Asks: 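Starting off with a structure, shown below.
Reminder, nothing fancy here: chain letters follow the sequence lines and each chain counts from 1. Just so we're clear, the structure is a prediction, and the values are computed from it rather than from any experiment.
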2 protein chains.
Amino acid sequence: MEELSTEQKIIAAARSVFTKKGFAGARTRDIAEEAGINLALLNYYFGSKENLFKIVIKEKFEQLFGMISPILSDESVPLGTKIKTLVDNYTKLLKENEELPIFILNELSVNGHIFDELLQYARQISQPVLEKQLKNNGMTLSVPNFIMNIISLTIFPFIAKPLFVSAGLITIENYTDFLNERRDNIPDWIMKLSK
Amino acid sequence: MEELSTEQKIIAAARSVFTKKGFAGARTRDIAEEAGINLALLNYYFGSKENLFKIVIKEKFEQLFGMISPILSDESVPLGTKIKTLVDNYTKLLKENEELPIFILNELSVNGHIFDELLQYARQISQPVLEKQLKNNGMTLSVPNFIMNIISLTIFPFIAKPLFVSAGLITIENYTDFLNERRDNIPDWIMKLSK
DNA sequence: GTCTATAACCTGATAGAC
DNA sequence: GTCTATCAGGTTATAGAC
C-alpha cells in the first residue's frame, strides 16, 4: 500500500468534495481538510479552486460518458452484446459512484462554459455502424433514440433514488436489488422497443 | 395585466435565479436586482436566503412530482390513458421549464436536509390500484419498474440535452422535434416492455 | 415599505517564516 | 514543500433614515 503524494491527496479530496457539493457549494477549506493538508498548499499546487475543479470534472466526465462511443462503435461486436456491456458497466460504475451523474449533469447545466474546452475534443459518436446494425436486426428505431433509451433506463434510476425512496416505492435496503434486477432486464426491454 | 406585489416580484425573481444557479450558486443580490428592488427588502420580506429558497423549492418540487400520484391513482382511468397523460404533461411542463428536473434532483442530492419537512408530508403513491390494472392488462412488471420506466424515458432526455447536442447526436434546432416524437412513442414503448 | 450604508461573516488567495 | 497569519473581496443580513 503506497502513500499518496500530496498532490494526489488533494485531488482525491477534491473529487470527494466537489462531487458531493458541486463547484459552487464546495469550499477549498473543506478540500484541504479532507486531504489532511493546509489551504495554502492547495493553492501552491493548483493555483485556484477553478483549476482544481477542471481536473476533477474532466476526469469524472470521461468516467461517465467516455465508455459510450468505444462500446457502441466497434463493428465486430453484436448489437445485443453492446447493450449488455453498456448497461452492466454503467450499473457497476454508478453503484460505486452514486453522485456522479447528477454532479456532471448539474455542472453541465449550471457552469456549461467550463465544459467548452472539454467538449471540443470530445469523441463524437459515429452513427453509421449502429445504424447498420439496427437495420440488420430488423429494427426501425433511430440511433439517437436507441442510445437515449439505453442510458435513460440505466442511469435515471440512480438519479431518482432519493425520490423513489421518499415516495415509498422502494426501500433503501431493497434499492440495490432493484437496480440489479433492472440491469438484467434492460437489454431485453431495449430489444423490444427498438423494433 | 395586474402589477405584481413586491413579495411576488421577489418570489418570481427567486424562482428564476435559484433554478438556474442552484442554492449555493445563487446570490441574493442577483435576485433583488432581477426583482427590481433592493437587497434589504428581500430580507425584510423573507428573513433569509434559505427561507426564500424553501418557498421556491417546495413549489418546484410539487410542480415536478405532484402530478404523478393523482394521475396514477385514479381507478376509473384506463392504464393506457394514464401513461399518455403523464408523458404528455411532463413533456409540456419540461419544455417550458428546462432546468426544473436537474434543479430539483441536484438539490435533493446536495442539500437533502432541506427536503426533510417537505417529504414528510409528501403524498405516498398508492400501489394497489396500479398493481390491479397492470395485472388486468396481462402485464407482469412491478409497479416501481413501471413508474421508473415512464419517468426515465420521459424526463431524462431533457436532462441529457446538453450532452446529446455536444455529442453531435441531435442538433439544438431538432431537439424539440426529437422530444415531441418521443412523447408520441413512449406510451407504446411502455406497453411493450410491461408485458 | 423602501431605501442607503454598513456590519458581520465567509471564502479564495497570498505573503512570508521555516 | 509546508505551515501560520492575513489580506482582499464578496455575500448575507441588519441598522437606521425617510
Asks: Could you tell me whether the phosphate oxygens of C:dG12, OP1 or OP2, come under 4.0 Å of any side-chain nitrogen or oxygen in A:Asn43?
Replies: no

Asks: How many whole angstroms separate atom NZ of B:Lys21 from atom P of D:dG10?
Replies: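 After rounding, the gap between these two atoms is 15 Å.
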
Asks: Output yes when A:Lys135 and A:Glu131 qualify as a salt bridge under the 4.0 Å nitrogen-oxygen rule, no when they do not.
Replies: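 A salt bridge is absent here (no side-chain N lies under 4.0 Å from a carboxylate O).
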
Asks: Could you tell me whether A:Glu96 and A:Lys92 make a salt bridge, using a distance below 4.0 angstrom between a side-chain N and a carboxylate O?
Replies: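 Looking at A:Glu96 and A:Lys92, the cut-off is met.
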
Asks: Rounded to whole Å, how long is the line connecting atom CG of A:Asn51 with atom P of C:dA13?
Replies: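 About 8 Å, once rounded to whole Å.
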
Asks: Would you indicate what A:Ala26 reaches in the nucleic acid, counting non-hydrogen atoms under 4.0 angstrom: base, sugar-phosphate, or nothing?
Replies: sugar-phosphate

Asks: Got a sec? Which of residues 8-20 of chain B come in under 4.0 Å of DNA chain C, heavy atoms?
Replies: none

Asks: Can you measure B:Ile37 atom CD1 to C:dT4 atom P for me and round it to whole angstrom units?
Replies: 11 Å

Asks: Could you state the CG-C1' distance from B:Leu39 to C:dC3, rounded to the nearest angstrom?
Replies: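 Spelled out: CG on B:Leu39 to C1' on C:dC3 is 11 Å.
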
Asks: Strictly below 4.0 Å: does B:Thr6 bring a side-chain N or O up to OP1 or OP2 of C:dT2?
Replies: yes

Asks: Quick check on DNA chain C: between A:Ser48 and B:Tyr44, whose nearest nucleotide comes earlier from the 5' end?
Replies: B:Tyr44

Asks: In whole angstrom, give the distance that lies between atom CD of B:Glu50 and atom C1' of C:dC10.
Replies: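 Nearest whole value for this atom pair: 16 Å.
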
Asks: Tell me which one of B:Ile150, B:Val129, B:Val87 satisfies side-chain contact (heavy atoms from CB on, under 4.5 Å) with B:Lys82.
Replies: B:Val129

Asks: Taking 4.0 Å as the cut-off, does a side-chain nitrogen or oxygen of A:Thr28 come that near to OP1 or OP2 on C:dG12?
Replies: yes

Asks: Between the base of D:dG10 and the side chain of B:Arg27, is there a donor and acceptor pair under 3.5 angstrom?
Replies: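 No such pair is found, so the answer is no.
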
Asks: Whole angstroms only, please: what is the CG-P distance between A:Asp30 and C:dC10?
Replies: 13 Å

Asks: Between B:Lys54 and B:Glu117, does any side-chain N to carboxylate O distance fall below 4.0 Å?
Replies: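 Salt bridge flag = yes for B:Glu117 with B:Lys54.
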
Asks: Taking the side chain of A:Tyr45 as its heavy atoms from C-beta onward, which of C:dG12, D:dG1, C:dT4 lies nearest to it?
Replies: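 Closest nucleotide among those given: D:dG1.
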
Asks: Would you kindly give the CG-to-P distance between A:Leu42 and C:dT14, to the nearest whole Å?
Replies: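 That distance rounds to 12 Å.
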
Asks: Could you go step by step and tell me if A:Phe53 and A:Phe18 meet the ring-ring contact (aromatic ring centres under 6.0 Å, His included) rule?
Replies: CA-CA 7 Å; A:Phe53 182 72; A:Phe18 278 136; 4.9 Å; yes

Asks: Ignoring hydrogens, what is the shortest heavy-atom contact between B:Met139 and B:Ser194? Give both atom names and the distance.
Replies: CB-O, 3.3 Å

Asks: Are A:Lys9 and A:Glu34 close enough for a salt bridge, meaning some N to O gap below 4.0 Å?
Replies: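 Between A:Glu34 and A:Lys9 there is no salt bridge, as every charged N stays at least 4.0 Å from the carboxylate O atoms.
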
